[in-house]
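Okay, so here's the structure we're looking at.
Just so we're on the same page: letters track the sequence lines, and every chain starts at 1.
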2 protein chains.
Amino acid sequence: MPRAGLNEEAVVTAALAVVDRDGAAALTLASVAALVGVATPSLYKHVGGLAELRSLVANRVLREMADVATAAVLGRSGDDAVTVLMRQLRHYAVEHPARYAAMPADPQHDPALANASGALIGVFAATLRHYALEGSAAIHAIRCLRVIVHGFSSIESSAGFGMAESPDDTFSHLIEMYLSYLHNAQEQ
Amino acid sequence: MPRAGLNEEAVVTAALAVVDRDGAAALTLASVAALVGVATPSLYKHVGGLAELRSLVANRVLREMADVATAAVLGRSGDDAVTVLMRQLRHYAVEHPARYAAMPADPQHDPALANASGALIGVFAATLRHYALEGSAAIHAIRCLRVIVHGFSSIESSAGFGMAESPDDTFSHLIEMYLSYLHNAQEQ
DNA sequence: CTCTAAAGCTAATACCGTTAGCTTTAGAGC
DNA sequence: GCTCTAAAGCTAACGGTATTAGCTTTAGAG
């Protein structure tokens, strides 16, 4: 029997494939092992267990989102940067609904996710730096941005908008709402 | 051995106690059975299984939230009603963080949750009726309200705001942001 | 060609959900 | 007060899961 040649990265990639195929709740060591063609206990040679695998998956997703965010704001600033940042993050969540759902509710509570989580928030902070908000106003602006993007992505990625109206339009309203808030905060 | 005298309602109440005590992920038939002092299979006399129990718990939580929302807007209207509605729902989520996390990502997809979910959305719609938004504008306003309340509650209930700034202030900013949006939508 | 570290395996344990079938209790009806 | 029945609860058993322990084998270094 030839060897599979696994490593931690390959296991995480397979886990993401399982999440994409069967949903976040179906991520199990047995399903990942079956996908890569290996007995379940063999995965412990590369991964500490199911909890750690979940954490590694979340870390991968957070890094992807941070990359998306970075690419979105590159070469842009102000309202343009904020708009594209919001749209691109929403786009990622909708393109990979199961991956978004695979993220734990408390990413900052997991030390393994602190770096990736901080990278994403860092892009938020850098993007908002253009508005020169001072002290706590900057913190609140970052939080409001998180609330809107997460709230919308969370609902849309689980098909929570039942009515016929386009979610695109709703999201445009939210962007306008947030930009108005930024402009207003800037004047104080 | 005396009889426990259970019924569906008592089982759901015990399940909520488990959720409050150990978190939403720890909701298991075995833990509920242990709490009420009964063997695990006995629960099947009152509940269809773990999936149904989860659904019943979510239904209870949704109804509680609908009650909170109804009480909040009773005797109020306009900005006052919207403000108190948002604050009270946030208050519920923070007071019962595990219950909020016990809700599935897609409540409307579960037929058993349709009524309670509709009741909560109905309170939103009724509260916004004061602004006389026409057609799709009303839908978008409801959605934006959902996004903000859910996004904030989701993050705060999982201790997602790490910085020292008070989440109260952040939420006040979001309320102001949303009210401005409503006033602006009203003029069109 | 040999030897070692790691990759993979099987076996075994513990916990969970679920089903089947049995026992017993509480209460309805006489 | 007695009986009888429907339901509440139990034990036993099965399958699936994570996890640990210990063995076997492979790939690659020397």
Side-chain angles (χ1 to χ4, degrees), chain A residues 1-60 98 101-105 110-113, chain B residues 1-60 98 101-105 110-113:
Chain A
M1 51 191 79
R3 194 159 286 197
L6 289 181
N7 53 31
E8 182 181 288
E9 191 186 341
V11 171
V12 174
T13 299
L16 266 171
V18 170
V19 168
D20 285 336
R21 176 161 52 89
D22 302 328
L27 175 57
T28 178
L29 288 180
S31 62
V32 173
L35 182 62
V36 300
V38 136
T40 304
S42 303
L43 294 179
Y44 284 83
K45 286 284 151 72
H46 309 286
V47 153
L50 179 60
E52 184 182 308
L53 179 58
R54 287 212 186 97
S55 183
L56 290 168
V57 166
N59 194 59
R60 174 82 67 87
M103 295 238 311
D110 186 343
L113 270 48
Chain B
M1 50 191 80
R3 194 159 286 196
L6 290 181
N7 52 32
E8 182 183 288
E9 191 186 342
V11 171
V12 173
T13 299
L16 266 170
V18 170
V19 168
D20 285 336
R21 176 161 52 88
D22 303 326
L27 175 57
T28 178
L29 287 181
S31 62
V32 174
L35 182 62
V36 301
V38 136
T40 304
S42 304
L43 295 179
Y44 284 82
K45 286 286 152 72
H46 310 287
V47 153
L50 180 59
E52 184 182 308
L53 179 58
R54 287 212 186 98
S55 184
L56 289 168
V57 166
N59 194 60
R60 175 82 68 87
M103 295 237 310
D110 186 342
L113 270 48

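Taking 4.5 Å as the limit, every side-chain heavy atom of A:P104 sits out of range of all side-chain heavy atoms of A:D110. Counting heavy atoms from C-beta outward, A:R60 and A:E9 have side chains that approach closer than 4.5 Å. Looking at B:R21 and B:L35, their side chains come closer than 4.5 Å, going by heavy atoms from C-beta outward. The shortest distance between side-chain heavy atoms of A:V11 and A:V36 does not fall below 4.5 Å.
Residue A:V57 comes nearest to A:L16 through the heavy atom pair CG1-CD2, 4.1 Å, listed as atom of the first residue, atom of the second, then distance. The minimum heavy-atom distance linking B:A58 with B:L113 is given by the pair CB-CD2, 3.7 Å. Nearest heavy-atom pair across A:S55 and A:A112 is OG-CB, 3.5 Å. Between A:V32 and A:A14 the shortest heavy-atom distance is CG1-CB, 4.1 Å. B:L29 and B:L53 make their closest contact through CD2-CD2, 3.9 Å (heavy atoms, listed as atom of the first residue, atom of the second, distance). Closest approach of B:L6 to B:H46, counting heavy atoms only: O-CE1, 3.3 Å.
Taken residue by residue, residues 21-46 of chain A places heavy atoms nearer than 4.0 Å to DNA chain D at A:T28, A:L29, A:A30, A:T40, A:P41, A:Y44. Only at 4.0 angstrom or more do the heavy atoms of residues 51-59 of chain B sit from any atom of DNA chain D, so none qualifies.
When base pairs are accepted only as Watson-Crick or G-U wobble with both N-N or N-O distances under 3.5 Å, DNA chain D takes part in stems of 3 or more pairs at C:1-30 with D:1-30.
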